[in-house]
Amino acid sequence: MTTASTPDFPLGRPDGPAPDARTPQGADGGRTAGRGAFAGYLVYVAGKAGGALVSLGAVLVTSFFLFRVLSRDPVKAMTHGAPMTVAQQDALRHQFGLDLPLWRQFTGYCGQALTGDLGTSYQFHAPVSELIWQKLPATLLLTGTAVVLYSALGLWLGTRAAWRSGGRGDRVNTGLALTLWSVPSFWLGLLLIIVFGVGLGPVPGMFPTGGMSSGDTTGFAHVLDVAHHMVLPVLTLVAVGYAQTLLVMRSSLLDEMGGDYLTTARAKGLREAVVRRRHAVPNALLPTVTMVFINLGFVAAGSILTETVFSWPGLGRLFYQALSVPDLPLVQGLFMVFAAAMILMNLLADLLYPFLDPRVGR
Amino acid sequence: MARPVSPCRAPRRRPTRLLPAGLAAAALVTAAGVLPYGAFPGAAQKAHAADGTNGGGRKVLTVAVRQSVDSLSPFLAQSLVATTIHRLAYSYLTNYDPKDGHAIPGFATSWKSSPDKLVWTYTIRKNSRWSDGVPATAQDAAWTFRKMMTDPDAATANGSFTANFAEVTAPDPTTLVIRLKKPQADMTALDVPIVPKHIWDKVTDFSTFNNDKKFPIVGNGPFVITDYKVDQYVKLKPNKTFWRGAPKFDELDLKYYKDGDAAVAALRKGEVSFVSHLTPAQTTSLEHTAGIEVNDAPGDRFYALATNPGARARNGQRLGDGNPALLDPAVRRALFESVDRKRLVRTVFQGHAVVGQGYLPPRFHSYYWRPSAAQRVAYDPAAAARDLDRAGYRVDRQGRRLGKDGKPLTFRILCHATDPNDKAVSQYLKEWWAKLGIGLKVECLDNVGDPWLAGDYDLAFDGWSVGPDPDYVLSIHTCGALPATARSSGSTDNFICDPAYDRLYARQSAEYDPVKRAALVKRMESRLYDTGYMNVLAYPNAMEAYRTDQIASIETTPSAAGNIWGQNGYWSWWSAVPAASAAGPEGERPGGSPSTGALVALGFAAAVAAAGAVWFVVRRRATVDDRE
């Protein structure tokens, strides 16, 4: 049986025009072109990885100077209200290195960062990397689950909304998504807590009002306990977030719907659902994938408002606490992690594009 | 059969094919999520704890807290939540009487000072043991203080108490001797947790040791810290060998609620026993809820307007750009004659505050001072306008009050963007001072620290919590608290430097007679009031609430009308008595068995999962021909 195949990598050919990616390749030609394509892909990967490294370097420098404009004296802000003598405050400034000239602070910071040491938090007297590791899993679990769910939901609903654009389903779907998108997440979260956490009228309080776990459970019971605590915050994030995927997918698919290849597919006698799933949707995926990866990049940063309302012990809340002092090592470390996550996800999206659309990266 | 080929490219695996499976998985997760605690053994135990018991009928007191623990090391902790925990887990030389706050025996049973006021001798109690069984002695206290005196990292949190210590010795297990450089009045109010020497002398770096890795943490207070998860919970259990007697609850949990409304929801549901820092609206709402007792008591905080006195450093260098018109006592008096404090309490604080007068709040009876009728700046807008007219501040044709330089008087007020009270009071001030022809520019910032430290303000909203010993809040208005130079920083609050006030401060610092000292403190308050740079508007109440089906009784400080959370002592949680209903057997409490709603939700989730699976199978059959 002969099947048409799409090349795995873009077919770069220095001695002539690139073959049409939509043209099926013969067995031998495919093998030769595959080797060239692989080399081309490596060049493409190297370029993107280099760009990511340069971006990380820029973030490293920016984060040092950016947060120093927030406050003239972090020690004063941190100890306000505490009975501390001037000598104690000076000792803290010395301990934190804030009494050093700015250039020495900068070189020390760069040296530490390059060895993977993000410094020690002013507020928590603990290594920044330890604080981040403590809270990263909670954030990844909550925001990651929400992003996966709202991306899938938005993709699905967006596809259906576009396919029957203007219909009642489209109007209801899009209207509901836009309404939820406009709702402040902290307000929706509080409503969910009142209705499903505490219970309202005939609705019983089924879910915990906050936190990530009850504290005393282990093993599988702990997994279920955490899942129980996740329901309301995930629901909040999904409700507020799925509209963006829906709208991008809908718009992207609407652009594809006039394509001749769809008419051809229909002319072959394919059912409408198959035309949609196998031909239209794959071609409309690129913008949605970009957005999904951008959202995945934001996963590490968490969601300050949702984490606050549901008392979820994540990085978003930690960042807010760090900014309010400002706890410079912590805020710099978190900024680095958030930026690195975004850069990494962008890099992954860049590396994935050639697989989704072979024209990319040629 | 040849596979149909798309004109653009070969079809890929359908992403939507995964959706039914995803839906089914999500439904299963949801099913897990909606299952009541009681469905799982471990979770069931916790559910009871949250409702005042646990599976074994243990009585658990759960307190909602918001502030993060900065450190569990007594040498580093400064946050209120951490110092409150230390009050429960360690002993202090003295304690405060819950009735009126005077010093009473703690780790020390008695104390005396030498005639020259420079040597204090404490008798340490014989009946205190560390939670690991080792006797707690004067050696532990001496080691704690000496460590703070010799290691700057160990002095981070409480170094102000030992800065004046010359020598600390423990000649025998029940005697502690502290020699001072100069007299120090707060020697019966040393808020320093005493730590076990045999545990802490192994610590090498006090700047990073947070005391939060090994549990239970050895202490000799009424509770023992048994577990801690950052921003999730802190768990404490009674110290059965505590010399005053063990607490009555079987467990004290501090559980994190970062949002006040969510904490109130948890209280209503019964997931927590106690909530503090309520807003007036939350208090009003809870006052009408059955089974919840609201404690609306006089607070330990004052809420004031600081007026820039012409900020300067100790070397005389000027700081900032405070409006010089405020240096005229007539202007300051007129501004505050126009402020209707009673109306602010009635409207902004919705009645949950006491009208402000003297510097220290009325709950500290021995230090509370009120201005006499003659010196009181009473609300009188007409008198305010007359005062300004008399002082030469005339009004122009547009109704604007002109300064001595002929320019319209306009002041800036620095407010905290995160404090709704600041914003509301600002609006009233704007309105009241506009009637005098004076303009007001409200500058609400997230970080007021920078302009404040730089002296770049005319007026600013100010407020401090006061402890049983007022020394520190008095010290922040002395000339010695000013920054040494314009580029350094000091501990001053409002750049006040008044030699007459400083003389009184020095006298009270060396006065060991409580009555005479209180008289000196009142004279300081009087002086501060007359200078008009600190204008106390109100003393906000401490608003808190607890469930009466979980807590039968609990001690406030002061006993008559005081707060529960943030006491200078362990009284509230040590004294708390579980309600009879909190000790029911497993299954009798809410959450002990699956609720109808949860079962309905479980059924719904199962139905969604089944529907997803059916849909998946149908779709597979429907498209089998298309697939090959």
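To find a chain, count down the sequence lines: A is the first, B the second, and so on, and within it residues start at 1. Computed from a predicted structure; not experimentally measured.
By number of non-hydrogen pairs under 4.5 angstrom with chain A, the leading residue of B:Leu80, B:Thr208, B:Asn210 is B:Asn210. Between chain A and the residues B:Pro483, B:Gly449, B:Gly480, B:Ala262, the largest count of heavy-atom pairs under 4.5 Å involves B:Ala262. When each of B:Ser475, B:Ala481, B:Ala265 is checked for heavy-atom pairs under 4.5 Å with chain A, B:Ala265 comes out on top. The candidate from B:Ser68, B:Ala64, B:Pro152 with the greatest count of non-hydrogen atom pairs under 4.5 Å with chain A is B:Ser68. Most heavy-atom pairs under 4.5 Å with chain B: of the set A:His222, A:Glu307, A:Lys135, A:Met212, this distinction falls to A:Lys135.
Neither the backbone nor the side chain of B:Val473 comes within less than 4.5 Å of any heavy atom of chain A. In this structure, chain A has heavy atoms under 4.5 Å from both the backbone and the side chain of B:Asp261. There is no contact between A:Glu256 and chain B, counting heavy-atom distances below 4.5 Å. Heavy atoms closer than 4.5 Å to chain B are found in the side chain of A:Gln95, but not in its backbone. Proximity to chain B is limited to the side chain of A:Ile193, based on heavy atoms less than 4.5 angstrom apart. When heavy atoms are compared at a cutoff of 4.5 Å, B:Ala157 approaches chain A solely by way of its backbone atoms N, CA, C and O. In this structure, the portions of B:Ser491 lying under 4.5 Å from any heavy atom of chain A include both its backbone and its side chain. Both the backbone and the side chain of B:Tyr257 have a heavy atom closer than 4.5 Å to some heavy atom of chain A. In this structure, the portion of A:Thr120 lying under 4.5 Å from any heavy atom of chain B is its side chain and not its backbone. Heavy atoms of B:Asn158 lying under 4.5 Å from chain A belong exclusively to its backbone.
No side-chain donor from either of A:Gln88 and B:Thr156 sits under 3.5 Å from a side-chain acceptor of the other. Under the 3.5 Å distance criterion, with hydrogens and angles disregarded, no donor-acceptor pair is assigned to the side chains of A:Ser213 and A:Asp225. A:Gln123 and B:Asp70 form no side-chain donor-acceptor contact under 3.5 Å, judged by distance and modelled atom types alone. In this model, a donor atom of one side chain and an acceptor atom of the other lie less than 3.5 Å apart for B:Thr289 and B:Arg268.
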Item checked: Candidate pair A:Glu272 and A:Arg278, rule salt bridge (Lys or Arg N to Asp or Glu O under 4.0 Å), full reasoning -> CA-CA 10 Å; A:Glu272 198 65 9; A:Arg278 292 191 184 172; over 6 Å; no

Note to self: Using the rule given for side chain to side chain contact (heavy atoms under 4.5 Å, CB included), can you reason through B:Phe75 versus B:Asp153, listing the C-alpha separation, both sets of side-chain angles and the distance that settles it, and then say yes or no?
What the structure shows: CA-CA 8 Å; B:Phe75 296 99; B:Asp153 293 333; over 6 Å; no

Note to self: Walk me through whether A:Trp312 and A:Arg317 qualify under side chain to side chain contact (heavy atoms under 4.5 Å, CB included).
What the structure shows: CA-CA 8 Å; A:Trp312 194 264; A:Arg317 179 76 198 174; over 6 Å; no

Next item on the list: Walk me through it: do B:Lys235 and B:Asp253 pass the test salt bridge (Lys or Arg N to Asp or Glu O under 4.0 Å)?
Entry: CA-CA 5 Å; B:Lys235 291 176 185 289; B:Asp253 287 359; 3.2 Å; yes

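Residues satisfying the salt bridge (charged side-chain N to carboxylate O under 4.0 Å, His left out) criterion with B:Arg314, sequence neighbours excluded, are absent altogether.
Here B:Arg66 does not pair with B:Asp259 in a salt bridge; the nearest charged N to carboxylate O distance is not below 4.0 Å.
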